[in-house]
Structures are given as C-alpha cells and as structure tokens.
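This report concerns only the one structure given below.
Note that the structure is a prediction, hence the values are computed from the model and not measured. A note on names: the letters A, B, ... follow the listed sequences, proteins ahead of strands, and every chain is numbered from 1.
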2 protein chains.
Amino acid sequence: MPAKRVPDIVVARLPLYLRALSAMQHSGKEFTSSQEMAQWLGISSAQIRKDLSHFGEFGKQGTGYSITGLQQKLRQILNLEREWPIIIIGAGNIGSAIANYPGFAHRGFRVCAVFDNDPRKIGSHIGRYEVYDVRELPTFVRRHGIQLAMIAVPAESAQEVADLAIAAGIKAILNYAPINLSVPDHIRVENIDPVLHLQHMTYYLA
Amino acid sequence: MPAKRVPDIVVARLPLYLRALSAMQHSGKEFTSSQEMAQWLGISSAQIRKDLSHFGEFGKQGTGYSITGLQQKLRQILNLEREWPIIIIGAGNIGSAIANYPGFAHRGFRVCAVFDNDPRKIGSHIGRYEVYDVRELPTFVRRHGIQLAMIAVPAESAQEVADLAIAAGIKAILNYAPINLSVPDHIRVENIDPVLHLQHMTYYLA
DNA sequence: CAGTGTGAAAGTCTTCACAGCT
DNA sequence: AGCTGTGAAGACTTTCACACTG
C-alpha cells in the first residue's frame, strides 16, 4: 500500500492519529476532518492530509474522514490488525508498572511474560504474571515467535539482555534503560527516558 | 549564551549528549571527540559539532572535548546546575514506579511529593512518600515554588489535573496519560506513551 | 596531524494554495 | 459550500568539506 518509501517521521505520527480517532469515537461522532484532528493534536491540517496521502485516499471531499473507517485503515497500515505478544525483561519498579499497565490491551498488544535474573524475584508474581528466569527467555521467545520486547533493567545490564533477546529472535525493542543500545541494522529500538524530557524542558524554565 | 535562537530540536539532543558523557566518565576517560560521541549515539559527528556551536566553542582542536568540562557546560545551558523539585500527580502503577525510580536523583531532579484523589490512597505510603490529597496541590506548589509536574493519572482525568496544576503555577508537564493535553502557550508539555512507540515499530515488522 | 568550528550545499519536512470532487 | 489531495514553494535540518588551531 505504501506508494513509495514513506518517511519514518510520517509513520511515527500515525499512532498519534489513531489515538485521536479513538478519543473522537468515544465522543460518539461519525466523521471528522483534517482540520478537527489538527486542532485536537496541535499540528496543521495540511500535515495530516499529506501524511495520509502517502498511503492512499481515505477521505471524502466536503465530508472529511469516517472515524471508524480511518481507524481501520491506520490499523492495517501499522500492522495492528493482529495482537502482538510482548515480553518484559526486568521485574523492578518499571517492569512491574508496565506489566500491570492496562493501556496495552486495547491498542494491539498483550504482555505475555516477565523475566528477571534475581533469584528473589523469579517465581514471584507481578499482578497476574509469574516472573520467569531470564535464562528461559530464549526458549520462550522462540517457541512463541515473539518479536517485541520491553527492556526495564538497570543501565548496566541493558546491553547484555538486549543481545540475549536479539539472539533469541526479538526484532524490536522498547528500551527504558537510560543508555543507547547498539544493535544490528535490522533491529528497531525506541527509547523512553523521562529524564531526557525533563532536561529538555528545564532549558526553557527561568 | 545562546548566540541567536537555538532550534528546539537541537536543545532536545543536549540531554542525550550529557547522558553519553556520563557513561564515558564512568569508564575513566578524560577526553572525547565528536567522532567518538557520534559513534556512541549513532548520529553524525558533524551534527554534534554543529549543535554545540550554537552555544559556544567547547572543544580543543586536535584534542577533542574535556568530558567533565563539556558536561559542566551542558548542565549550565540546560539549567541543571540547580536541583529541580518535581511533583507526581497520580499514585497508581505508573505514579508509584516513577516515584521510586532512582534515576532522577543524580540527573538534576528530586521528586518531592505525590498526589492522588482516591481516599483509599491518600495517606498511604509509596516508598518514602506519603500520598497527599490532590486538593492540597495548589497550596503545596505555591508554597514551594514548584514548576515541574509529572502526570500519571487515567486519560479521563489528565486534562483536569493539568488545568489545576497550571493554575497553581506549574510551568512544564511530563505527561504519561495517553491523551493530548491542551495548555496555554507558555506552558511546555512532553508526552510519554509507550504504545505510540510500539505501534510505530510494528509498522516495520512482518 | 587529529580534530574543531563553520559557511555553503544538499537533503528533508512542512506549509501554501488551489483544482477538483461530493 | 466544504473539504480533500497534491504539486510547488518555503522553511528547516543535516551533511559536506576545508581553513584553521593546539
């Protein structure tokens, strides 16, 4: 469906559009326009139209976009018509919080296991997940064909567990450790480090 | 110190440089080069030099940058020579996890209070923080002159607590709720939504 | 001679503005 | 009338490549 090669920055905005559409759907509306979405998201309407135009023509002139229709298209584009299993590596504060985060379920993801290397944590429960020994990770990942991992271990161990996960077949990593992972070209990594955001904002504070 | 107006995208990379420098410092080195940092971060050396050139000349030709010297400069630029107090709004999974996250302390921030509106949580303890009634937030923020807040409440309440916090004097918000906050122009907001990152990555997975 | 700082060139991304459809 | 989809223009960002310095 992508006509040519779509810029990564455009792909990054699609989930945002999807999120806005969900909120609009909740408010019971049936159609929306690039203008309305733009206002909602604080960006320009031209950008939204241009972004979507990379993938096809989803709107009706004079009317706008069907909210459910566009959601469906975006889910197709982002491969969200299936549910993706994810593993969490690290059963500390962050690992526990994301394991119990209810926000994944309705947006295409299902946490299916939590791993740690601390004998005191292995076998214990986090919400409804038993914590497994990280040594069982390779077998687990291979057996279930899992491609997504979230890393929530201390910075010192992050590269090590990333290597382990990649060797086992993981293709994309959401990394919560405050460190830059080095990975092969075909592996995707996205990072979440709240401190980076805070430090960015303090630049603008008196 | 900023010669002219520095692009926001440049400011956003400075914390990344700071993080890389900390890691290098730990490995005992004294000097680094734009090339070494670039390799570490997976970006180009020219970009690093250009970014830094917006703020002054920090390197020595032939030698590179003093690791501690550059760290100090970046801390100055980002206003990180003081320690910033932050409040957390929301004492659920995410709020608790970030309250206990040890990564803030050495990077310029100190969590100083946690608020919630749930009577069952108010008065209870999260790590070493007592959870306060959100109705005490305005007084607390004013009395201590707090400018930074992290919002970790459900999406439905996020706009409401953001409004409350802003009215009390909060100037910058790190928002964990999966929703776009609308705020006045002079307030800065950054968002963390792991699902957005995951959905971005599934685009590239088979 | 290794490595910075920087104009100029190349590349990328956003906005404009309007033809054309409903 | 209202709103999309889109070339072309404009703005912004990155990279190049080299004069210069310790």
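By the 30° and 60° cut-offs, the orientation of the rings of A/Phe140 relative to A/Phe115 is perpendicular.
Under the ring pair (Phe, Tyr, Trp, His ring centres under 6.0 Å) criterion, B/Tyr129 pairs with no residue at all, not counting sequence neighbours. Residues forming a side-chain hydrogen bond (donor to acceptor under 3.5 Å, both in side chains) with A/Asp118 (at least two apart in sequence, or on another chain): A/Arg120. For B/Tyr17, there are no ring pair (Phe, Tyr, Trp, His ring centres under 6.0 Å) partners two or more places apart in sequence or in a different chain. Judged as a salt bridge (charged side-chain N to carboxylate O under 4.0 Å, His left out), and not counting sequence neighbours, B/Arg142 has no contacts. For A/Lys29, the salt bridge (charged side-chain N to carboxylate O under 4.0 Å, His left out) partners at least two apart in sequence or on another chain are A/Glu36. When the salt bridge (charged side-chain N to carboxylate O under 4.0 Å, His left out) test is applied to A/Glu30, no partner is found at least two apart in sequence or on another chain. Here A/Thr63 pairs with nothing under the side-chain hydrogen bond (donor to acceptor under 3.5 Å, both in side chains) rule; sequence neighbours left out.
Summary for the helix from C/dC1-D/dG22 to C/dT22-D/dA1: the axes at its two ends, each from 5 pairs, differ by 20° when rounded to the nearest 10 degrees.
On the nucleic acid side, DNA chain C has its first and last nucleotide under 4.0 Å of a heavy atom of chain A at C/dC13 to C/dT22, going 5' to 3'.
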Nucleotide-resolved protein contact map, nucleotides 4-12 of chain D, B/S/- at heavy-atom distance under 4.0 Å: BBBBB----

Just list the side-chain donor-acceptor pairs under 3.5 Å for residues 179-192 of chain A, sequence neighbours left out, or say none.
from	atom 1	to	atom 2	distance (Å)
A/Asn180	OD1	B/Arg19	NH2	2.9
A/Arg188	NH2	A/Asp8	OD1	3.4
A/Glu190	OE1	B/His197	ND1	2.7
A/Glu190	OE2	B/His200	ND1	3.2
A/Asn191	OD1	A/Asn175	ND2	2.9

Please tabulate, for side-chain N and O atoms in residues 162-171 of chain A, each donor-acceptor pair with protein atoms closer than 3.5 Å (sequence neighbours left out).
from	atom 1	to	atom 2	distance (Å)
A/Asp163	OD1	A/Gln159	NE2	2.9
A/Lys171	NZ	A/Gly169	O	3.2

